[in-house]
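The structure appears below as structure tokens.
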Amino acid sequence: MKSILTIARILLSLIFISATSVNGQDLSQVLSKGKWIDLSYDLSPETLYWPNNPTGFKLDTIFEGMSPAGFYYSTYAFSAPEHGGTHLDAPIHFSEHGLTIDKLPLEKLTGDAVVIDVSSKALNDRDYLITVNDITDWEAKNGKIAEHTIVLFKTGYGQFYPNREKYFGTSEMGAGAVPKLHFPGIDSTTATWLVQHKVKAVGIDTPSMDYGQSKNFKTHQILLGASIPGFENVANMNLLPVKGAYIIALPMKIKNGSGGPLRIVAWVKG
């Protein structure tokens, strides 16, 4: 935890260096004028995984209680698939020669973010595909999205987590449940637009960047093939402004991993 906080402080000091030098404020003064928002779901037995995953998150007790020396002590062991709950998709997940999660540079995982709200459409159509028009309509109201921005799509489905039936579109488990998945995602033409406009990373408040009925996961292929990591099952997007948030998305650093649990947070001005 201390190492994560140290990284966060270093990153944010770089962001605000011009403001601190001009206004004579140190980093703590700048941060005190904003707030942190946790965009991650807890890892627990309720954590949602793809229906055909044979296992989920498991926490086993190694020891919990009073030690022979007379002091309280607890330690646990956990196991989990890479892709479930709030997690990151590394490029190698759908790109044979893509970066593994441990090789992703921090610059890919931190930066200014915008939130594009498509919930009015997505909540009325479980198979909604986010279009280029959704982005350009947002830009018409809020200005052009700068290169190297983290783009977050809010479908409104975060309100259903962790209710499997409402979130996935089916409560069934196993391989037979996969064809019954119904939730919104990003259209492949939109993924191409995001690549062409050099976004840094893409996040969404659904189980997948591709919609539930996808057969070829083309959006994954396009974004991860361009070394644009994906953040899935992002929580609390309703607490973010449409622009002005700064994201720090630090996944578990699994050597040669295709993805992993993600602790993603946002700093926003007060």
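Just so it is clear, the values below take in all heavy atoms, side chains as well, and ignore hydrogens, waters and symmetry mates. This one's a predicted model, so the numbers in the text were calculated from it and none came from an experiment.
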Who pairs with Tyr128 by ring-ring contact (aromatic ring centres under 6.0 Å, His included), at least two apart in sequence or on another chain?
-> none
Quick one: are Phe153 and Met237 in side-chain contact, heavy atoms under 4.5 Å?
-> no
Nearest heavy atoms of Ala266 and Ala245, plus distance in Å = CB-CB, 4.4 Å
Going only through I, L, V, M, F, W and Y residues with side-chain contacts under 4.5 Å, is there a path from Ile62 to Phe57?
-> no
From the options Leu109, Thr110, Ile150, select the one residue that forms a side chain to side chain contact (heavy atoms under 4.5 Å, CB included) with Ile247.
-> Ile150
Residue list, salt bridge (charged side-chain N to carboxylate O under 4.0 Å, His left out) with Lys198, at least two apart or on another chain | none
For Tyr161 and Asp205, test the side chains for any donor-to-acceptor distance below 3.5 angstrom and give the result as yes or no.
-> no
Any chain of hydrophobic side-chain contacts (each under 4.5 Å) joining Leu262 to Val202?
-> no
Nearest non-hydrogen partners of Pro184 and Tyr157, listed with the distance | CG-CE1, 3.4 Å
Taking only residues two or more places apart in sequence or in another chain, which ones pass ring-ring contact (aromatic ring centres under 6.0 Å, His included) with Trp138?
-> none
Determine the minimum heavy-atom distance between Lys200 and Gly111, stating which atoms define it.
-> NZ-CA, 4.1 Å
Do Ile130 and Ile204 have side chains that get closer than 4.5 Å, going by heavy atoms?
-> yes
With the side chain counted from C-beta on, respond yes when Thr155 and Ser119 share a heavy-atom pair under 4.5 Å apart, and no when they do not.
-> no
Enter the distance from Thr131:OG1 to Ile186:CD1 here, rounded to the nearest 0.5 Å.
-> 11.5 Å
Taking side chain as C-beta onward, heavy atoms only, is Val118 less than 4.5 Å from Ser120?
-> no
side-chain hydrogen bond (donor to acceptor under 3.5 Å, both in side chains) with His148: which residues, sequence neighbours excluded?
-> none
Following the transitive rule for hydrophobic clusters with a side-chain heavy-atom cut-off under 4.5 Å over Ile, Leu, Val, Met, Phe, Trp and Tyr, establish whether Ile135 and Leu152 coincide in one cluster.
-> no
Salt bridge (charged side-chain N to carboxylate O under 4.0 Å, His left out) against Asp137, all qualifying residues, sequence neighbours excluded = none
Report the relative orientation of the aromatic rings in His220 and Phe94; use parallel for angles under 30°, tilted for 30 to 60°, perpendicular for over 60°.
-> tilted
Please answer whether the main-chain N or O of Ala191 pairs with a side-chain N or O of Lys218 as donor and acceptor at a distance below 3.5 Å.
-> no
Under the side chain to side chain contact (heavy atoms under 4.5 Å, CB included) test, residues paired with Asp42 that sit two or more places apart = none
Give me the one residue out of Leu88, Thr86, Asp102, Asp89 that meets side chain to side chain contact (heavy atoms under 4.5 Å, CB included) with Pro251.
-> Leu88
Is there a side-chain contact between Thr47 and Tyr49, using heavy atoms and a 4.5 Å cut-off?
-> yes
Within one Ile-Leu-Val-Met-Phe-Trp-Tyr cluster: Leu106 and Ile92, side-chain cutoff 4.5 Å = no
Identify, with sequence neighbours excluded, every residue that meets side chain to side chain contact (heavy atoms under 4.5 Å, CB included) alongside Val178.
-> Trp50, Asn52, Leu181
Please report the closest heavy-atom contact between Ile254 and Ile101, naming both atoms and the distance.
-> O-CG2, 3.1 Å
Got Val199 and Thr149 here, is their nearest side-chain heavy-atom distance under 4.5 Å?
-> no
Residues two or more places apart in sequence or in another chain: which of them pass side-chain hydrogen bond (donor to acceptor under 3.5 Å, both in side chains) with Glu139?
-> none
Phe168 and Phe160, any side-chain heavy atoms less than 4.5 Å apart | no
When rounded to the nearest 0.5 angstrom, what is the spacing between CZ in Arg164 and CG in Leu48?
-> 5.0 Å
Taking Asn163 for the side chain and Lys166 for the main chain, is one N or O donor matched with an acceptor at less than 3.5 Å?
-> yes
What residues form a salt bridge (charged side-chain N to carboxylate O under 4.0 Å, His left out) with Asp187, not counting sequence neighbours?
-> none
Got more than 12 heavy atoms from elsewhere within 6.0 Å of CD, Gln159?
-> yes
Least distance between heavy atoms, Ser188 atom then Ile222 atom = O-CD1, 3.5 Å
Measure the spacing between CG of Leu59 and CG of Leu43 and express it to the nearest 0.5 Å.
-> 9.5 Å
Student check: side-chain heavy atoms of Val114 and Asn142 closer than 4.5 Å = no
Given the rule in the side-chain contact (heavy atoms from CB on, under 4.5 Å) test, do Thr100 and Lys255 qualify, once you have shown the distances and angles that lead to the verdict?
-> CA-CA 7 Å; Thr100 53; Lys255 187 174 180 63; over 6 Å; no
Would Lys141 and Val242 satisfy side-chain contact (heavy atoms from CB on, under 4.5 Å), going step by step from the backbone distance to the final call?
-> CA-CA 10 Å; Lys141 297 177 182 177; Val242 294; over 6 Å; no
Side chain to side chain contact (heavy atoms under 4.5 Å, CB included) partners for Ala235, two or more places apart = Tyr41
Summary of side chain to side chain donor-acceptor pair (under 3.5 Å) pairs that have at least one residue in residues 70-81, sequence neighbours excluded | Glu64-Tyr76
For Leu99, side chain to side chain contact (heavy atoms under 4.5 Å, CB included) partners two or more places apart | Pro91, Lys103, Leu104, Pro105
From NZ (Lys33) to OG (Ser28), nearest 0.5 Å | 10.5 Å
Before giving the answer on side-chain contact (heavy atoms from CB on, under 4.5 Å), spell out for Glu82 and His87 the whole-Å C-alpha distance, their side-chain angles and the decisive distance to 0.1 Å.
-> CA-CA 8 Å; Glu82 291 178 321; His87 71 281; over 6 Å; no
All heavy atoms of Tyr211 vs all of Gly185, minimum pair found to be CB-N, 3.5 Å
Tell me, with the steps shown, if Asp134 and Thr190 meet side-chain contact (heavy atoms from CB on, under 4.5 Å).
-> CA-CA 9 Å; Asp134 289 322; Thr190 307; over 6 Å; no
Given side chain to side chain donor-acceptor pair (under 3.5 Å), test Ser208 with His83 step by step and report yes or no.
-> CA-CA 10 Å; Ser208 171; His83 301 273; over 6 Å; no
Any donor and acceptor pair, going by atom type alone, linking the side chain of Gln213 with main-chain N or O of Pro179 inside 3.5 Å?
-> yes
